[in-house]
Amino acid sequence: MSHNAANEIQDLQFFGEYGGVNPSITDSSTFTFMSARSMEELFEIEREGCYLYSRHTNPMNAYLGHALAKLEGTEAAHVSASGMGSISTVIMQICQSGDEIISARTIYGGTYAFFKNFLPKFNIKVKFVDITDFEAVKSNLKENTKMIYCEGISNPLLEISDLEALGKISKENDLKLVVDNTFSPLVLRPAKHGADVVIHSLTKFINGTSDTVGGVVCGTKEFVGSMIDVNSGAAMLLGPVMDGLRSASILKNIHTLHLRMKQHALNAMFLAERLEQAGVRVVYPGLKSHKDHELITKLHEPEYGYSGLLTIDAGNHERANTLMELMQEENIGYLAVSLGFYKSLFSSPGSSTSSEISDEEKATMGLSEGLIRMSVGLDEDISRTWKRLKKCLSAVGMA
Ligand code: PLP
């Protein structure tokens with residue numbers, strides 16, 4: 001049997017109510033019971049195919065969760081209204097007051113802010129470390145450490161987490177390894193390398209049409225079940241519910257994810273190579289010059305390349321802004337946060353998606369003020385895009 005996630009998703013058969021090729025959308029927040037006793041039973045024991053109330057789960061969200069579990073090779077998955085909805089509920093599910101988390105220091109700014117500013121309210125402490133330094137990870141382990149948290153490919157610095165090594169440390173110390181795989185669906189399959197929980201912001205590559213926010217938590221049946229337990233589940237009780245109509249549209253988009261990821265990666269590699277040849281400071285995991293190139297080459301699923309994100313260092317904030325404005329004028333893409341769209345998206349993380357991180361911490365992690373993050377689009381003719389980009393780079397004296 002093939003272990004290619006795209007094949008497994010393709011093989012799913014969800015017939016609609018009248019034999020539709022797409023599953024029927026159940027547009028209901030609540031579900032009826034023919035007997036009062038069976039309603040009582042469902043509160044006590046979950047039954048496959050039986051639905052109670054949509055905050056718990058509903059058929060459309062269950063279909064989408066099923067496909068995403070295939071994507072990550074986990075037993076189960078639960079979708080939510082945003083990536084942050086998934087991240088925050090996973091943390092609240094695993095940690096209690098007094099617990100500690102060891103987190104990579106280069107992570108999405110929203111997650112960083114949640115860890116740094118919000119979790120202290122619940123007496124949960126986060127130690128930010130260089131996740132590539134295993135000694136630093138180990139020396140920060142304490143009796144009350146519950147979790148190692150990282151991103152497969154980090155936002156925005158594109159560092160690679162050594163999932164196998166971190167998985168081993170987690171197992172040895174009875175911790176959960178939680179990996180945000182938003183930047184690398186299909187490219188990395190963290191559960192295969194030892195992750196216990198895999199999270200995505202569906203808002204990005206997985207949906208791919210920049211028309212909705214969404215999130216997912218993938219893990220064992222036991223863990224995902226605990227998230228929606230009616231009495232103690234963080235997803236159930238905090239309530240970041242994905243709307244069923246949105247689930248339906250995301251599910252349809254997943255069926256082109258494999259094609260899109262290949263094209264994003266081809267285009268990003270093309271631009272990264274040209275940028276490097278032109279002497280621009282570019283970071284892309286597919287380049288041999290990337291510090292973790294060998295590691296990701298060992299971990300990734302080769303047919304999907306190295307994903308679609310690269311960074312360019314424009315040297316300073318002013319020049320980064322001018323360059324991005326020119327890039328938008330030349331119709332290379334949009335000056336916008338987020339990623340995974342058909343058109344390229346670019347922003348300066350220091351002043352946008354990572355603005356929550358203090359200047360001092362940005363300096364330690366190497367997040368410079370001239371950094372531009374570019375999510376490379378699905379352009380049919382990427383050499384045409386490169387010509388436009390070269391024009392913009394020469395206008396600001398970078399090529
Ligand atoms: N994780 C990563 C790596 C992200 O880049 C983002 C958003 O930019 C999130 C999580 C949060 O996702 P959402 O915006 O869907 O809540």
Side-chain angles (χ1 to χ4, degrees), residues 5-16 22-31 42 46-90 93-94 178-182 185-186 189-192 195-208 212-230 233-258:
N7 284 341
E8 292 187 18
I9 295 172
Q10 167 110 33
D11 282 347
L12 290 172
Q13 284 185 317
F14 297 139
F15 294 106
N22 288 305
S24 303
I25 297 171
T26 42
D27 200 17
S28 293
S29 58
T30 191
F31 298 84
L42 202 61
E46 260 183 59
R47 294 240 168 80
E48 191 118 345
C50 293
Y51 298 94
L52 180 70
Y53 184 63
S54 270
R55 177 154 45 78
H56 184 247
T57 184
N58 62 51
M60 206 59 232
N61 289 2
Y63 285 131
L64 180 60
H66 204 66
L68 290 164
K70 293 284 178 207
L71 175 76
E72 288 302 350
T74 56
E75 285 175 2
H78 179 74
V79 295
S80 66
S82 69
M84 284 312 297
S86 292
I87 293 166
S88 55
T89 49
V90 163
Q93 190 66 34
I94 297 175
V178 178
V179 180
D180 178 340
N181 200 26
T182 300
L186 288 171
R189 299 191 78 200
K192 185 170 117 177
D196 299 287
V197 179
V198 184
I199 300 176
H200 282 274
S201 162
L202 300 176
T203 319
K204 315 291 161 43
F205 287 112
I206 291 184
N207 184 47
T212 188
V213 283
V216 69
V217 176
C218 307
T220 60
K221 251 189 186 157
E222 188 191 355
F223 180 72
V224 171
S226 74
M227 297 275 304
I228 54 168
D229 184 284
V230 288
M236 178 67 184
L237 301 176
L238 298 174
V241 189
M242 162 79 76
D243 183 82
L245 293 175
R246 279 305 189 187
S247 271
S249 67
I250 297 171
L251 182 62
K252 279 171 260 189
N253 288 351
I254 281 185
H255 295 293
T256 56
L257 180 65
H258 57 302

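Since the model is a prediction, treat every value here as computed from it, not as a measurement.
Checked against side chain to side chain contact (heavy atoms under 4.5 Å, CB included), His56 has the following partners two or more places apart in sequence or in another chain: Glu46, Ile228, Val230, Met236. Partners of Phe31 under the side chain to side chain contact (heavy atoms under 4.5 Å, CB included) rule, at least two apart in sequence or in another chain, are Ser28, Tyr51, Ser54, Asn58, Pro59. Residues passing the side-chain hydrogen bond (donor to acceptor under 3.5 Å, both in side chains) test with Asn253 are Asn207, Thr209, sequence neighbours excluded. For Thr203, the side-chain hydrogen bond (donor to acceptor under 3.5 Å, both in side chains) partners at least two apart in sequence or on another chain are Ser201. Residues satisfying the salt bridge (charged side-chain N to carboxylate O under 4.0 Å, His left out) test with Asp196, not counting sequence neighbours, are Lys171. By the side chain to side chain contact (heavy atoms under 4.5 Å, CB included) test, Asp27 is found to be paired with Leu245, residues two or more places apart in sequence or in another chain being considered. The side chain to side chain contact (heavy atoms under 4.5 Å, CB included) test applied to Ala234 returns Thr89, Met92, Gln93, Leu238, not counting sequence neighbours. Every side-chain hydrogen bond (donor to acceptor under 3.5 Å, both in side chains) that Ser247 has, sequence neighbours left out, goes to Asn61. Shown here are the side-chain hydrogen bond (donor to acceptor under 3.5 Å, both in side chains) partners of Arg246, two or more places apart in sequence or in another chain: Thr212.
The side chain to side chain donor-acceptor pair (under 3.5 Å) contacts involving residues 74-84 comprise Ser80-Ser86, where partners must be two or more places apart or lie in separate chains.
With rounding to the nearest 0.5 Å, the separation of CG in Leu251 from CG in Leu202 is 11.0 Å. Atom CD1 of Ile206 and atom OG1 of Thr182 lie 7.5 Å apart (nearest 0.5 Å). Atom CD1 of Ile199 and atom CE of Met84 lie 9.5 Å apart (nearest 0.5 Å). Between the CE atom in Met227 and the CD1 atom in Ile94 there is a gap of 8.0 Å [rounded to 0.5 Å]. Taking CD1 of Ile25 as the reference point, atom OG of Ser249 lies at 8.0 Å (rounded to 0.5 Å).
Minimum heavy-atom separation, Ala195 to Val179: CB-CG2, 3.7 Å. The shortest heavy-atom contact between Gly215 and Met242 is N-CE, 4.4 Å.
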Show me the donor-acceptor pairs within less than 3.5 Å that the side chains of residues 62-72 make with the rest of the protein, sequence neighbours left out.
from	atom 1	to	atom 2	distance (Å)
Glu72	OE2	Asn181	ND2	2.9
Glu72	OE2	His200	NE2	2.6

